[in-house]
Amino acid sequence: GAVVSQHPSWVICKSGTSVKIECRSLDFQATTMFWYRQFPKQSLMLMATSNEGSKATYEQGVEKDKFLINHASLTLSTLTVTSAHPEDSSFYICSAPPSFSYNSPLHFGNGTRLTVT
Amino acid sequence: AQTVTQSQPEMSVQEAETVTLSCTYDTSESDYYLFWYKQPPSRQMILVIRQEAYKQQNATENRFSVNFQKAAKSFSLKISDSQLGDAAMYFCAYRRGGDSGYALNFGKGTSLLVTP
């Protein structure tokens, strides 16, 4: 089945530094990638939608200058948390529908646990 | 905007028993999909079951089945013969249909505890 690989699975960084999270579709082309954030014991909240070759669409309240999204190819989308602060500590998950069938279930990465100290 | 409501933050069931998790949603769309996802402590998102809104028949996957009441906008999940491995967070999710890819909109989740 289709697989989405997310890397790293966990990262610890110092406040003020930037962190990049990668999400790759391994056996299908992902023209669209969704980025979610999940705080402890809470639900997954959609942050942004990235589309290959165009600008990402951000949900209300999400700072696009802080959470930089790049969807440079049909198999890779990246989320960069710039100037990270402790309040950015969270679990970030990417997901994608296979481009051949948008109505197929989304495929999820295994998530990235970000801790900002 | 579509909203998904899970009114049970926590549920408990004894092993081998049956439990039902509730979910309601609000939408003005006619074409949509509903899902139940399981998130164990590893936090991996696992698809449990899926229902197309245009299908009247309730979806079933082994021990998991749904009660889809379209008019009432209700989508409950029944887990039969509960197993210890069923313990996890369960999220109900909504997704618009159509030709473009749409994101999932999740409920707040229900934490399911399975006791021996």
Side-chain angles (χ1 to χ4, degrees), chain A residues 1-6 9-10 25 28-52 54 56-62 71 74 77 90-114, chain B residues 1-10 21 23 25 29-55 59 61 64 66 88-113:
Chain A
V3 176
V4 173
S5 176
Q6 187 171 344
S9 56
W10 61 271
S25 55
F28 68 98
Q29 293 183 333
T31 55
T32 300
M33 194 77 78
F34 304 111
W35 287 93
Y36 289 88
R37 178 169 54 185
Q38 185 181 29
F39 290 110
K41 298 187 184 299
Q42 295 190 23
S43 186
L44 284 76
M45 299 301 296
L46 181 66
M47 298 175 65
T49 302
S50 72
N51 296 290
E52 189 268 336
S54 63
T57 303
Y58 291 82
E59 296 300 303
Q60 192 173 9
V62 177
H71 198 141
L74 289 172
S77 177
S90 187
F91 191 67
Y92 295 86
I93 311 175
C94 62
S95 69
S99 59
F100 57 84
S101 176
Y102 280 118
N103 289 326
S104 294
L106 297 184
H107 302 287
F108 283 85
N110 285 336
T112 298
R113 184 184 303 275
L114 170 63
Chain B
Q2 300 83 19
T3 57
V4 179
T5 303
Q6 294 179 251
S7 58
Q8 306 154 316
E10 293 181 353
L21 309 184
C23 173
Y25 60 95
E29 303 286 332
S30 58
D31 182 16
Y32 56 89
Y33 299 83
L34 297 166
F35 304 84
W36 278 97
Y37 278 87
K38 171 184 177 182
Q39 188 181 44
S42 67
R43 303 190 83 167
Q44 181 183 3
M45 296 297 288
I46 301 168
L47 177 64
V48 175
I49 200 164
R50 170 192 182 192
Q51 175 82 42
E52 291 88 347
Y54 62 85
K55 288 187 177 179
E61 287 288 341
F64 300 87
V66 298
M89 280 292 292
Y90 285 82
F91 291 100
C92 178
Y94 170 101
R95 185 181 180 199
R96 287 175 63 184
D99 294 335
S100 298
Y102 291 107
L104 289 168
N105 186 14
F106 290 92
K108 290 187 175 182
T110 296
S111 177
L112 179 66
L113 175 66

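All chains are named by letter (A, B, ...) in the order of the sequence lines, taking the proteins before the strands, and each is independently numbered beginning at 1. Everything quoted here is computed from the prediction, not taken from an experiment.
- A distance of 10.0 Å separates CD of B/Gln44 from CD1 of A/Ile93, quoted to the nearest 0.5 Å.
- Rounded to the nearest 0.5 angstrom, B/Met45 CE and A/His107 NE2 are separated by 14.0 Å.
- With a threshold of 4.5 angstrom between heavy atoms, B/Leu104 approaches chain A through its backbone and through its side chain.
- With respect to chain A, the highest number of heavy-atom pairs below 4.5 Å among B/Arg43, B/Lys108, B/Met89 belongs to B/Arg43.
- Side-chain atoms of A/Ser43 come within 3.5 Å of backbone N or O of B/Gly107 as a donor-acceptor pair.
- Nearest heavy-atom pair, B/Gln39 versus A/Phe91, reported as atom, atom and distance to 0.1 Å: NE2-CE2, 4.4 Å.
- At least one side-chain heavy atom of A/Leu106 sits under 4.5 Å from a side-chain heavy atom of B/Arg95.
- Looking at every heavy atom in both residues, A/Tyr36 comes nearest to B/Phe106 through CE2-CE1, 3.7 Å.
- Note that OH of B/Tyr37 is 10.0 Å distant from CG of A/Leu44, once rounded to the nearest 0.5 Å.
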